[in-house]
*Asks:* 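Once you've had a glance at the structure underneath, I'll fire off some questions.
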Amino acid sequence: MRTASLPEAWREPLEAEGVWPELSRLADRAQATENIAPAPERIFRALEMVPPEAVRVVILGQDPYPTPGHANGLSFSVEPGVAPPRSLKNIYREMQDDLGVSPASHGDLGAWARQGVLLLNTVLTVELGQANAHAKWGWQTVTDGIIRATAELPQPVVYMLWGKSAEAKTALIGEGRHLILTAPHPSPLSARRGFFGCRHFSKANAWLAEQGQKPIDWALA
């Protein structure tokens with residue numbers, strides 16, 4: 001089993017938030033745990049792909065997909081070759097309605113991360129086959145610290161908070177310099193309650209442009 005290497009680019013801001021020791025402890029626990037998703041070397045992939053200075057958008061999910069071979073360390077994303085899950089299909093549907101972007105045939109959102117979209121889950125690991133099994137590990141302490149750290153960044157950031165648990169993080173961000181967009185979760189159970197029609201993708205790009213920032217290319221090849 002490969003190791004869960006710590007995201008060193010985030011050390012300084014997470015030390016400032018007082019959560020770096022907890023992140024290190026949880027990395028060690030994950031390393032010693034079997035039947036875990038994503039693979040240990042991918043637990044911090046979101047942070048590794050988007051260092052603090054690159055963050056432009058934060059999309060917050062709950063926890064990784066528990067289906068073997070699905071989770072790849074980015075919220076809502078799956079490994080290449082895996083068909084998009086239902087929540088992701090709903091995200092693609094809203095993108096198409098909002099931007100006219102055709103849905104991708106795959107579910108790998110790495111192209112978003114490479115543009116500064118931090119695809120973060122509130123819990124970074126899960127037991128295979130057991131959704132939300134690691135909810136009491138203490139990951140929320142770390143990810144709350146990550147959210148607070150992003151709110152302290154000098155650049156403007158868009159937050160897409162989907163679902164009640166994500167919306168609850170609004171208080172960690174505060175009001176002022178950043179754009180906070182909220183909507184129901186894209187799950188099939190709630191997407192029709194307001195996720196469809198939220199137009200978060202176009203709103204995010206319009207606001208980034210107003211701040212003098214390059215918009216996100218949401219299209220996935």
*Asks:* For Pro103, is there any backbone N or O sitting under 3.5 Å from a side-chain donor or acceptor partner on Arg93?
*Replies:* no
*Asks:* Kindly say whether Gly197 contributes a backbone atom to a donor-acceptor pair with the side chain of Glu94 at under 3.5 angstrom?
*Replies:*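 Answer holds: yes.
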*Asks:* Is there a path of hydrophobic side-chain contacts, each under 4.5 Å between heavy atoms of I/L/V/M/F/W/Y residues, joining Phe196 to Leu189?
*Replies:* no
*Asks:* List the steps, then state whether side chain to side chain contact (heavy atoms under 4.5 Å, CB included) holds for Tyr92 with Lys89.
*Replies:* CA-CA 5 Å; Tyr92 287 173; Lys89 285 183 178 179; 5.5 Å; no
*Asks:* Decide yes or no for Leu181 and Leu161: does some side-chain heavy atom of the first lie under 4.5 Å from some side-chain heavy atom of the second?
*Replies:* no
*Asks:* Would you compute the distance between atom CZ of Arg148 and atom CD of Glu17 and round it to the nearest 0.5 angstrom?
*Replies:*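 Between Arg148 CZ and Glu17 CD, I get 4.5 Å after rounding to 0.5 Å.
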*Asks:* Quick check: does any side chain N or O of Asn205 sit under 3.5 Å from a backbone N or O of Ile216, one acting as donor and the other as acceptor?
*Replies:*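 Looks like yes, one N/O pair under 3.5 Å.
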*Asks:* Give the minimum heavy-atom separation between Pro188 and Ser87, together with the two atoms involved.
*Replies:* CD-OG, 4.1 Å
*Asks:* Quick check: Phe76 with Trp162 (ring centres under 6.0 Å apart)?
*Replies:* yes
*Asks:* Using a cut-off of 6.0 Å, state whether more than 12 heavy atoms not belonging to Arg177 lie near its atom CZ.
*Replies:* yes
*Asks:* Under 6.0 Å from the CD atom of Gln211, do we count more than 12 heavy atoms belonging to anything else shown?
*Replies:*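 Correct, the count exceeds 12.
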*Asks:* Does Arg192 CZ have over 12 foreign heavy atoms under 6.0 Å away?
*Replies:*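 Incorrect, the count does not exceed 12.
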*Asks:* Kindly indicate, with the supporting measurements, whether the criterion side chain to side chain contact (heavy atoms under 4.5 Å, CB included) is fulfilled by Ile59 and Leu120.
*Replies:* CA-CA 6 Å; Ile59 296 179; Leu120 185 68; over 6 Å; no
*Asks:* Can you find a pair of side-chain heavy atoms, one from Pro66 and one from Gln130, that are under 4.5 Å apart?
*Replies:*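 Not in contact.
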*Asks:* Thinking salt bridges, do Lys164 and Glu167 make one under a 4.0 Å N-O criterion?
*Replies:* no
*Asks:* Salt bridge or not for Arg42 and Glu79, using N-O below 4.0 Å?
*Replies:*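 Yes, Arg42 and Glu79 are salt-bridged.
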*Asks:* Using side chain to side chain contact (heavy atoms under 4.5 Å, CB included), reason through Tyr65 and Asn72 one step at a time and then give a plain yes or no.
*Replies:* CA-CA 9 Å; Tyr65 296 116; Asn72 68 4; over 6 Å; no
*Asks:* Give a yes or no answer on whether the side chain of Gln155 reaches the backbone of Pro52 with a donor-acceptor pair at less than 3.5 Å.
*Replies:* yes
*Asks:* Is the side chain of Gln115 donor-acceptor paired with the backbone N or O of Asp217 at a distance under 3.5 Å, no angle test?
*Replies:*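 Yes; judged by distance alone, with no hydrogens or angles, the pair exists.
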*Asks:* Restricting to non-hydrogen atoms, name the atom on Thr33 and the atom on Arg29 that form the minimum distance, rounded to 0.1 Å.
*Replies:* OG1-O, 2.6 Å
*Asks:* To the closest 0.5 Å, what do you measure between OG (Ser202) and CH2 (Trp207)?
*Replies:* 15.0 Å
*Asks:* For a quick test of reading the model, state the closest non-hydrogen atom pair linking Val50 to Trp10 and the distance between them.
*Replies:* O-NE1, 3.1 Å
*Asks:* How long is the span from the OG1 atom in Thr141 to the CG atom in Leu26, to the nearest 0.5 Å?
*Replies:*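 Atom-to-atom, Thr141:OG1 and Leu26:CG are 8.0 Å apart.
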*Asks:* Could you give me the CA-CA distance, side-chain angles and deciding distance for Val58 and Val158, then say whether side chain to side chain contact (heavy atoms under 4.5 Å, CB included) is met?
*Replies:* CA-CA 6 Å; Val58 176; Val158 179; over 6 Å; no
*Asks:* Do Leu128 and Ile36 have side chains that get closer than 4.5 Å, going by heavy atoms?
*Replies:*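 The answer is no; the side chains never approach within 4.5 Å.
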*Asks:* Locate the shortest heavy-atom distance separating Pro38 from Pro64; write the atom from each residue and the value.
*Replies:*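 For Pro38 and Pro64, the tightest heavy-atom pair comes out as CD-CG, 3.8 Å.
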*Asks:* Evaluate the side-chain proximity of Asp98 to Cys198: yes if any heavy-atom separation is below 4.5 Å, no if none is.
*Replies:*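 Heavy-atom side-chain distance check fails, nothing below 4.5 Å.
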*Asks:* What's the shortest heavy-atom distance between Met49 and Gly110, and which atoms?
*Replies:*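 Closest approach of Met49 to Gly110, heavy atoms only: CE-O, 3.7 Å.
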*Asks:* Do other residues, nucleotides or ligands put more than 12 heavy atoms under 6.0 Å from the CD atom of Glu53?
*Replies:* yes
*Asks:* Closest approach of Val78 and Ala83, non-hydrogen atoms and distance?
*Replies:* CG2-O, 4.3 Å
*Asks:* Pick one: which of Thr122, Asn121, Asp63, Thr125 meets side-chain hydrogen bond (donor to acceptor under 3.5 Å, both in side chains) with Trp139?
*Replies:* Thr125
*Asks:* Is Ile146 reachable from Val19 through a run of I, L, V, M, F, W or Y residues, each pair having side-chain heavy atoms under 4.5 Å apart?
*Replies:*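 Same cluster: Val19 reaches Ile146 through Ile, Leu, Val, Met, Phe, Trp or Tyr contacts under 4.5 Å.
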*Asks:* What is the ring orientation for Tyr159 with His178, classed by angle as parallel under 30°, tilted 30 to 60°, or perpendicular over 60°?
*Replies:* perpendicular
*Asks:* Working to the nearest 0.5 angstrom, can you tell me the gap between Asn90 CG and His185 NE2?
*Replies:*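 If I round to the nearest 0.5 Å, the distance is 10.0 Å.
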*Asks:* How many angstroms lie between OG in Ser102 and CG in Leu220, if you round to the nearest 0.5 Å?
*Replies:*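 CG of Leu220 is found 11.0 Å from OG of Ser102.
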*Asks:* Just by modelled atom types, is the Thr143 backbone N or O under 3.5 Å from a matching donor or acceptor in the Lys169 side chain?
*Replies:* no
*Asks:* What distance separates Glu41 CD from Ser5 OG, expressed to the nearest 0.5 Å?
*Replies:* 8.5 Å
*Asks:* Begin from the C-alpha positions of Arg45 and Glu48 and carry the test salt bridge (Lys or Arg N to Asp or Glu O under 4.0 Å) through to its verdict.
*Replies:* CA-CA 5 Å; Arg45 186 178 177 217; Glu48 291 166 351; over 6 Å; no
*Asks:* If we only count heavy atoms from C-beta on, is the Val126 to Asn132 side-chain gap below 4.5 Å?
*Replies:* no
*Asks:* Within the distance-only criterion (no hydrogens, no angle test), does the side chain of Ser77 pair as donor or acceptor with the backbone N or O of Gly107 below 3.5 angstrom?
*Replies:*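 Checked: pair present.
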*Asks:* Find out whether Val57 and Trp112 are in side-chain contact, i.e. whether some heavy atom of one side chain is under 4.5 Å from a heavy atom of the other.
*Replies:* no
*Asks:* Any side-chain heavy atom of Phe201 sitting closer than 4.5 Å to one from Ile91?
*Replies:*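 They are in contact (side-chain heavy atoms under 4.5 Å apart), so the answer is yes.
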*Asks:* So that I can tick it off, tell me whether Glu8 and Arg11 are bridged by a salt bridge, with the cut-off set at under 4.0 angstrom between side-chain N and carboxylate O.
*Replies:*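 Looking at Arg11 and Glu8, the cut-off is met.
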*Asks:* Using a 4.5 Å cut-off on heavy atoms from C-beta on, say whether the side chain of Leu60 contacts that of Ser75.
*Replies:* no
